[in-house]
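Here the structure comes first, spelled out in structure tokens, and everything after it is commentary.
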Amino acid sequence: MPDLIQSLLGAMHFQEGRQAVLEQPQFQVPFLLDYLAVFLWAVSGAIVGMHKRYDFAGVLVVALLASTGGSLIRDGIFLQQTPPVLSNPWYIPVIITATMLVGLFRRRITRMALVDRVVDVIDGIGVPAFAIVGLQLSLQQGIPLPGVVLVGVTNGVGGGILRDLLVGDTPAALQPGTIFVSGVILICLLFLVLTLGFGVSKEWAAWGMIVLFFTIRMLSIRYNWRTHPVLKGPPGTS
Amino acid sequence: MPDLIQSLLGAMHFQEGRQAVLEQPQFQVPFLLDYLAVFLWAVSGAIVGMHKRYDFAGVLVVALLASTGGSLIRDGIFLQQTPPVLSNPWYIPVIITATMLVGLFRRRITRMALVDRVVDVIDGIGVPAFAIVGLQLSLQQGIPLPGVVLVGVTNGVGGGILRDLLVGDTPAALQPGTIFVSGVILICLLFLVLTLGFGVSKEWAAWGMIVLFFTIRMLSIRYNWRTHPVLKGPPGTS
Amino acid sequence: MPDLIQSLLGAMHFQEGRQAVLEQPQFQVPFLLDYLAVFLWAVSGAIVGMHKRYDFAGVLVVALLASTGGSLIRDGIFLQQTPPVLSNPWYIPVIITATMLVGLFRRRITRMALVDRVVDVIDGIGVPAFAIVGLQLSLQQGIPLPGVVLVGVTNGVGGGILRDLLVGDTPAALQPGTIFVSGVILICLLFLVLTLGFGVSKEWAAWGMIVLFFTIRMLSIRYNWRTHPVLKGPPGTS
């Protein structure tokens, strides 16, 4: 345990203690999951934009921000790198395809509860996967652990928050509901404890965290485990 | 045609095929158009802020974001460069002047349909001009073509979207209306096809695209050509 | 006076005239004020989030953005540096502590007018202190003076504006009220005139500006000095 505290404090102070962890192979979001997540988050964004009665270009903008917003904040604002929506030439074609399919099947989509379920499943896998990518990228830059967790969580949930802000909705991620942001925070902390504190390999820890988050998320939806508002009563009153 | 596809794919994959194009002289937004566009976008932002009953400092903030928001996203978030609102010492004085003039003539401005027309004309010229600046800057950084188009479109329409979000309005650019974002996407694609695919000089292609966008925009306003919502019916229903 | 104009113009044009000023010791926000300001802005953000009936994670996100949003725009978008919320390992623990305390004392906080007063006092000291940090950092990067003022003002008031936008409120800073943004603009201009024009040391000028802003702010609250909307009448009418 003192080793764990030592290593946590070491990392908080920009020391080179995390060198060993960085030399391990990085966890990579598997090719298929990467594009599938971008595709389905674009679908979710396009559906939101469509229900706001935007035109095709407007729906496309919402799809773009929903699917790439997390990595946009991560790289463009936090880590000062070119965001993947620019450097990866396939994200935008995937997002355009998703938007066109939503437009094509607009009549059916509005009647399908299935879409919500599919988005829930992909959220359950994609959000932790991208959160861990954010953790790894910021560990590499030598950022102290609290900042590493912030980058990870933002990478996972930032797109959804930006999507809601763009269309003028209260961000769902901030409101009481099934376990989501708190679950992402939990698995980010646990990933760091496992890899930096207990020397678990990043690959194993990553998959473990994805399974854990997915399980929590599905149980929370199935049994309607919900977070509570910090303050009860109708909004705006004191 | 195979050459075109070849060069499109080449550019998508970060190859050096665009070297020849980069060695050409860059299209520069003419001095006068640059400041005129910033001035008039600041005027449009100041009018929006004034109608929200903000105070002078608040109106100035809206004017700033409306006139420089596109280049702020382009450089600050996408291309990782110092945005021109900081590096160019004349933008802020121009924006302050615009805001003060709006304040001075506030009684007249509220009764003038003329302002809308002037903003429409400057949008018709300024939006494509700045979109092409965005295309060129991202081509120079070796970004694949889909990302280049994203930067160009954002450079053109980002300021208007940020202005609307800041004051709590639904972004006009996302909603059905006269042809705007889709026109910008079109001229961005066409600019790349002409310069990279057919070897047209950037200078000529830029002016061609400005004339094309201006024509489309004016015709769309004159004959009320409007985009349609992807999904019909009142917002919020399914 | 011609010297002043000379030096102002020199700085606007990226000349090396500000070398002498840069060689002086920098004004540093005192250790205690730095963390106290972050703590109390986090408290103010957490209270806003709590009244919106967000859950704990949601309240924490609002607290984070309220307390670090100004420096996030400054470094992440304007100056292209890693923002301090990532590089300083203590900000996030301070913000989490603030959020937990707000949650713990939620019943009392809702009944205390004291909280507003404490936030007003810390705003009165913290806003000018961070504005001057923004001025110094952008002077160091050789940015022309108008951009330097923009970075300073944003550093001071950006967090409050982002907090309000995140929760869907009209940004208080933009609306008529007690003197705030215009006061920050004033002390930023005065700081530059004193240090660049009259050779006053940065340390002295910084504390002078903090005292000046605090005095203006407290007098404005005490005697209800308020800014006026540029255009009178109810919002949305012309």
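To find a chain, count down the sequence lines: A is the first, B the second, and so on, and within it residues start at 1. Computed from a predicted model, the values in this text were never measured in an experiment.
Nearest heavy-atom pair across Leu166(B) and Ile161(C) is CD1-CG2, 4.1 Å. For Ser182(C) against Ala57(B), the heavy-atom pair with the smallest separation is N-CB, 4.2 Å. Here the shortest heavy-atom pairing between Arg53(B) and Lys232(C) reads NH2-O, 2.7 Å. Heavy-atom minimum distance, Gly103(B) versus Val230(C): CA-CG1, 3.9 Å. The minimum heavy-atom distance linking Pro144(C) with Pro89(B) is given by the pair CB-CB, 3.6 Å.
For Pro171(C), the part sitting under 4.5 Å from any heavy atom of chain B is the side chain, from C-beta outward, and nothing else. Using a 4.5 Å cut-off between heavy atoms, Gln80(C) touches chain B through its side chain atoms alone. With a 4.5 Å cut-off on non-hydrogen atoms, Leu72(B) touches chain C through its backbone and its side chain both.
The closest side-chain heavy-atom distance from Leu231(C) to Arg107(B) is below 4.5 Å. Considering only heavy atoms from C-beta on, Leu165(B) stays 4.5 Å or farther from Leu165(C) through its side chain. Using a 4.5 Å cut-off on side-chain heavy atoms (C-beta onward), Thr82(B) and Leu79(C) make no contact. You'll find the side chain of Gln175(C) stays beyond 4.5 Å of the side chain of Asp55(B), heavy atoms only. Contact annotation: the side chain of Lys52(B) never approaches that of Thr170(C) to less than 4.5 Å [non-hydrogen atoms, C-beta and beyond]. Counting heavy atoms from C-beta outward, Tyr91(B) and Pro146(C) have side chains that stay 4.5 Å or more apart.
Atom-to-atom distance recorded for Phe56(B):CZ and Leu174(C):CG is 13.0 Å, nearest 0.5 angstrom.
Of the residues considered (Gly177(C), Pro176(C), Gly147(C), Gly76(C)), Pro176(C) shows the highest number of contacts with chain B, using heavy-atom pairs under 4.5 Å.
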